[in-house]
K.L.:
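For reference, the structure I am asking about is given below.
Source: prediction; values computed, not measured. Letters A, B, ... are given to chains in the order of the sequence lines, protein chains preceding strands, and every chain is numbered from 1.
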Protein chains: 2
Amino acid sequence: MISPDQPASPLRAYEVVLAWVESRILAGELRVGDQLPPERELARLLEVSRSAVREAVRTLAAQGVLRSSVGAGGAGGTTVTAVPADALVRFLRLHVALANFPIDDVIEARISLERLSARLATLHARASDLAAMREALTAMDRASDDKARYNDADTAFHVAIAGAAGNRLVADMTVAIRESMRLPLLDAFRYVGDWADLVAGLREQHHAIYAAIQAGDADRAEDVVEQHIRSAWNTLAPTYDVLRAHSRTEDMK
Amino acid sequence: MISPDQPASPLRAYEVVLAWVESRILAGELRVGDQLPPERELARLLEVSRSAVREAVRTLAAQGVLRSSVGAGGAGGTTVTAVPADALVRFLRLHVALANFPIDDVIEARISLERLSARLATLHARASDLAAMREALTAMDRASDDKARYNDADTAFHVAIAGAAGNRLVADMTVAIRESMRLPLLDAFRYVGDWADLVAGLREQHHAIYAAIQAGDADRAEDVVEQHIRSAWNTLAPTYDVLRAHSRTEDMK
DNA sequence: TTATTGCTATTGGTCAGACCATTACGGATA
DNA sequence: TATCCGTAATGGTCTGACCAATAGCAATAA
């Protein structure tokens with residue numbers, strides 16, 4: 001046989017650039033803070049057009065790996081960064097919206113990750129972390145009549161726990177999962193039956209989580225977090241399903 | 001105050017396109033299988049250049065949300081897809097290489113997710129799923145002298161479990177985490193002390209996992225998976241750290 | 001001497017226009 | 001009726017140009 005590994009298509013132009021940058025990052029030759037050659041120069045070097053370079057740079061920038069800024073000198077140019085949070089949010093939000101990643105799968109993964117967060121937070125939480133959680137709790141109390149602001153405070157509480165856990169990947173995943181559910185959740189909020197009742201239940205659960213973390217009871221923290229997420233979702237899922245079905249039929253007419 | 005929400009920079013050209021596509025996906029107006037307008041037409045519609053459209057399309061394609069193919073008629077054009085696995089792999093691999101997402105954080109998250117996988121797989125596994133696991137087990141036996149192939153079979157085993165669990169997000173995350181550790185792991189393999197001993201230990205652990213899943217013992221499956229991952233990592237971590245430190249000093253000279 | 005000003009080069013951001021390769025579709029032909 | 005070929009549509013790529021922001025330096029003024 002003749003070179004079985006030879007790809008049928010000889011790499012698109014922008015893939016050449018992508019491969020160049022990625023391989024250097026994976027090899028450790030490009031680190032956070034390092035600068036890429038100017039686009040024009042990179043284009044000459046790899047014998048592709050500047051458009052191809054730009055397309056590749058854009059995809060990596062969208063993943064939080066590169067950051068471009070205009071201008072001469074050291075401040076300008078494209079540098080290697082590592083800001084995965086936003087990228088993860090966008091990624092997950094889109095794929096949840098596309099009904100890939102079914103919402104129940106996301107909930108299940110969220111429980112798993114937040115159980116871990118709760119456990120680690122219980123073991124590692126510093127005073128400032130606990131303060132952030134308390135602040136989110138009071139923010140929820142203050143915003144209990146504004147559903148969007150309430151949800152943001154709710155997210156802040158869970159993110160504070162993830163932050164206290166000290167695990168970057170889990171924290172970013174938690175943020176991404178919460179954000180990916182933000183719009184669907186707000187929709188469900190609008191049509192939920194007894195809002196005041198829901199808030200009262202959530203309030204109790206959140207305080208129980210905080211109490212367990214502060215008390216250093218990791219096992220209990222894990223369990224109340226899971227109960228909390230399941231309980232909240234059980235309340236909202238029916239509304240969510242109805243809205244989902246409704247939007248589907250809407251588009252058919 | 002005058003329009004406090006007004007962003008200082010009035011959206012870059014490619015961001016206009018990005019926002020157009022993303023908002024339509026989030027609103028449910030664009031679904032998997034739907035076609036985007038041709039690039040030239042979209043450029044006219046949004047009053048940007050075709051380059052700007054292409055850059056936006058590329059970023060979404062890199063996230064597994066769009067797929068472009070040349071040609072006229074229905075087969076050509078850019079369509080909405082939902083293939084997040086590759087995108088997740090690339091994303092995580094880069095950020096792990098950039099030492100964002102410290103390896104220990106990734107391991108911790110992996111344990112959490114694979115515990116869930118093991119539990120769900122125990123409850124949902126079908127005969128074909130179990131067969132896939134067995135096949136991976138025998139593949140490991142056959143490839144015990146080829147470290148790269150062994151690692152691939154090892155990955156296949158864990159992916160088979162994640163697949164049997166039936167949770168798309170967890171499965172894709174599992175694949176991504178395994179892949180992100182592939183190169184570092186192979187490096188560590190090369191310098192590990194007693195390879196035969198390591199393989200023997202892993203073999204026993206893998207069979208214990210399979211046995212628990214097949215027996216329907218979810219609690220035990222969870223626990224042996226966690227023990228397996230921790231044990232393997234405890235063996236490899238010292239080597240990994242040494243390599244890490246070495247590559248750092250290498251670059252300094 | 002020191003501080004300010006303004007010019008210039010560099011860099012990413014954007015655009016216009018062209019050409020190529022691939023593909024589907026339909027009409028012409030056997 | 002079946003086959004073949006031209007044509008149009010589409011993404012892929014390149015070239016070359018100009019803009020906007022920025023830094024650094026040189027000329028100038030205090």
K.L.:
If you find the nucleotide of DNA chain D closest to B:E41 and the one closest to A:G71, which residue's nucleotide is nearer the 5' end?
P.N.:
B:E41
K.L.:
In whole Å, I'd like the distance from the CZ atom of B:R44 to the P atom of C:dT14.
P.N.:
20 Å
K.L.:
Counting only side-chain N and O atoms of B:R12, is one of them less than 4.0 Å from OP1 or OP2 of D:dC19?
P.N.:
no
K.L.:
Tell me, yes or no, whether the heavy-atom count around B:E135 atom CD, taken from other residues, nucleotides or ligands under 6.0 Å, exceeds 12.
P.N.:
no
K.L.:
Just wondering, more than 12 heavy atoms not from B:R67 lying within 6.0 Å of its CZ?
P.N.:
no
K.L.:
With heavy atoms under 4.0 Å as the rule, sort A:S68 into base, sugar-phosphate or nothing.
P.N.:
sugar-phosphate
K.L.:
Ion pair present between A:R190 and A:D187, side-chain N to carboxylate O less than 4.0 angstrom?
P.N.:
yes
K.L.:
On DNA chain C, nearest-nucleotide positions of A:G73 versus A:R58: which is more 5'?
P.N.:
A:G73
K.L.:
How long is the line joining CG of B:L42 and P of C:dC15, in whole Å?
P.N.:
13 Å
K.L.:
Roughly, in whole Å, what's the span from CD in B:E39 to P in D:dG12?
P.N.:
6 Å
K.L.:
In whole angstrom, what separates B:L18's CG from C:dG13's P?
P.N.:
14 Å
K.L.:
Remember a base hit wins even if backbone is also touched, and classify A:G77 as base, sugar-phosphate or nothing at under 4.0 Å, heavy atoms.
P.N.:
sugar-phosphate
K.L.:
In whole angstrom, give the distance that lies between atom CD of B:Q35 and atom P of D:dT10.
P.N.:
9 Å
K.L.:
Of all the nucleotides listed (D:dC14, C:dT11, D:dT10), which has the minimum atom distance to the side chain of A:V70?
P.N.:
C:dT11
K.L.:
Just to confirm, is there a sub-4.0 Å distance from OP1 or OP2 of D:dT10 to any side-chain nitrogen or oxygen of B:R40?
P.N.:
no
K.L.:
On DNA chain D, does the nearest nucleotide to B:G76 precede the nearest nucleotide to A:G76 from the 5' side, or the other way round? Give the residue.
P.N.:
B:G76
K.L.:
Using a 4.0 Å heavy-atom cut-off across all strands, classify A:V48 as base, sugar-phosphate, or nothing.
P.N.:
sugar-phosphate
K.L.:
B:Y14 has an atom OH; how far is it from atom P of C:dC15, in whole Å?
P.N.:
13 Å
K.L.:
Using the side-chain heavy atoms of B:A75, tell me which of these nucleotides is nearest: D:dT10, C:dA16, C:dA24.
P.N.:
C:dA24
K.L.:
Are the side chain of B:T79 and the backbone N or O of B:V32 linked by a donor-acceptor pair below 3.5 Å?
P.N.:
no
K.L.:
Determine, for A:R24 against A:D34, whether the closest basic-nitrogen to carboxylate-oxygen distance falls under 4.0 angstrom.
P.N.:
no
K.L.:
Report the nucleotide, chosen from D:dT13, D:dC14, C:dA16, that has the shortest atom-to-atom distance to any side-chain atom of B:R54.
P.N.:
D:dT13
K.L.:
Measure the distance from CZ on B:R67 to P on D:dG12 and round it to the nearest whole Å.
P.N.:
10 Å
K.L.:
Rounding to an integer number of Å, can you tell me how far B:L46 CG sits from C:dT14 C1'?
P.N.:
15 Å
K.L.:
Tell me whether the OP1 or OP2 atom of D:dG11 has a side-chain N or O from B:T78 closer than 4.0 Å.
P.N.:
yes
K.L.:
From C-beta outward on A:S49, which listed nucleotide comes closest to its side chain: C:dA24, D:dC14, D:dT22?
P.N.:
D:dC14
K.L.:
Nearest 0.5 Å please: distance from the CD atom of B:E179 over to the CZ atom of B:F91.
P.N.:
16.0 Å
K.L.:
Given D:dA17, C:dT11, D:dG12, which nucleotide is nearest the side-chain atoms of A:R50?
P.N.:
D:dA17
